[in-house]
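Here is the structure we will look at.
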Amino acid sequence: MTEAWRPGDEDDGFRRGARNSVKVRVPAKINLRLAVGPLRPDGYHEVSTVYHAIALYDELTARRADTLILTMDGEGTGELALDDSNLVLRAARALAAHARVPAHARLHLRKQIPLAAGLAGGSADAAAALVACDELWGTGLSRDDLAGLAAGLGSDVPFLLHGGTALGTGRGEAISPVLARPTTWHWVVAVADGGLSTPEVYAELDRLRAAGAAPPPVGAADELLAALRQRDPQVLAGALGNDLEPAALSMRPAIKQVLDTGVAAGALAGMVSGSGPTCVFLAADAAGAATVAAALDDAGVCRDVHLAHGAVAGARLV
Ligand code: C5P
């Protein structure tokens, strides 16, 4: 157990109970249902979404240091800026300021979650940084305090601390867990070449709606929540929906071919993940998912294909 910290307890700026090195694993998210409401005065859209954490992970290692530095390998290396704009460093600094400790850590990010893909990879890394630095520095923040910092970093960050399957409201940052008996759902994740900008996809939806060219909104999450309780993938497939999908398709028409390929290969449903361009497919079981993944690979319609079950835990020490 960690002893309570008292003023004067610092050792090299680190609190008692702090560790030399910690590793955190954090999943990607998909939205089983993403209902987008009107644009708010603060530039965000009101949403009602059902988040679902899937077994596609980034890993963040944090070590003691006398400065703050971030390195990385894997997805997005050479593309992702490692300066102060990086959400990992912003998360570390936000935690340090809140807990009044020096923001000193050597952080290394190992990325599997692609950038700008609609899988909340950046938000996942911010959640991982909060959990890792809290442990490294022995700051011992409550889950509520961490969630408050998370919400300041991005709409999806609180969910990535939480994980599992959860309802997100407000701009997505207000999380309440979905209570359903644990069920494993089998997903195939088709990663596109190149990303899409989330603000641009939201703006495209506003444009389509203003022009009367958007399909009817997917509506509230009730049907999806009922489908989760039935634990039947066929039923869940019928309840999936994403208001951002037509906007992502309008900006990147090639997504249609990916969706068609997965469904033709036997997926129960295919949808754009979040703001895209990643597509996710629900399969009846692990074997069905493997068939869909192989067909997507063979068709050469995407850059990368992953098998990923859900729901899994959020950012956790490993
Ligand atoms: O919260 P986050 O920084 O991830 O959001 C990125 C951008 O996505 C926002 O600046 C906004 O343009 C758009 N967004 C939105 N409505 C939301 C969430 C995000 O319009 N509920």
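As the structure lists them, so they are numbered: ligands from 1, and atoms in each ligand from 1. The first residue in the sequence is number 1, and the count goes up from there.
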> N/O of Arg171 under 3.5 Å from N/O of ligand 1, yes or no?
Replying inline: yes
> Strictly by modelled atom types, are Asp83 and Ser85 linked by a side-chain donor-acceptor pair under 3.5 Å?
Replying inline: yes
> Is Asp156 in polar range of ligand 1, meaning some N or O pair under 3.5 Å apart?
Replying inline: no
> What's the shortest distance from atom 13 (C) of ligand 1 to any protein heavy atom, and which residue and atom give it?
Replying inline: Tyr202 CD1, 3.6 Å
> What atoms of ligand 1 come within less than 4.0 Å of a heavy atom belonging to Gly154?
Replying inline: 1 (O)
> What are the two closest heavy atoms between Ala105 and Leu136, and how far apart are they?
Replying inline: CB-CD2, 3.8 Å
>> Just to verify, which of Asp73, Leu70, Leu60 counts as forming a side chain to side chain contact (heavy atoms under 4.5 Å, CB included) with His108?
In response: Asp73
> Which ligand 1 atoms, with their elements, are less than 4.0 angstrom from a heavy-atom of Ser155?
Replying inline: 1 (O), 2 (P), 4 (O), 18 (C)
>> Within the 3.5 Å criterion, strictly below it, is a donor on Ser275 or Thr198 matched to an acceptor on the partner's side chain?
In response: yes
>> Check this for me: does any side-chain nitrogen of one of Asp84 and Arg93 sit under 4.0 Å from a carboxylate oxygen of the other?
In response: yes
> Nearest to atom 20 (O) of ligand 1 by heavy atom, Arg40, Glu46, His45: which?
Replying inline: His45
>> Please work out, at 4.0 Å between heavy atoms, whether the side chain, the backbone, both, or neither of Tyr44 comes within that distance of ligand 1.
In response: both
> Are a donor atom and an acceptor atom from the side chains of Ser155 and Glu173 found within less than 3.5 Å of each other?
Replying inline: no
> Considering only the protein, which heavy-atom contact is closest to atom 12 (O) of ligand 1, and what is its distance?
Replying inline: Pro199 CB, 3.5 Å
> Contact between Gly43 and ligand 1, counting heavy atoms under 4.0 Å?
Replying inline: yes
> Are the side chains of Thr61 and Leu107 in touch, meaning some heavy atoms are under 4.5 Å apart?
Replying inline: no
> Looking only at heavy atoms of Val47, does any of them come nearer than 4.0 Å to an atom of ligand 1?
Replying inline: yes
> Can Trp187 and His52 be said to form a ring-ring contact (aromatic ring centres under 6.0 Å, His included), step by step?
Replying inline: CA-CA 11 Å; Trp187 301 95; His52 184 71; 5.6 Å; yes
> Looking at Thr198, which atoms of ligand 1 are within less than 4.0 Å of one of its heavy atoms?
Replying inline: 8 (O)
>> Among all the protein's heavy atoms, is there at least one whose distance to atom 6 (C) of ligand 1 comes out below 4.0 Å?
In response: no
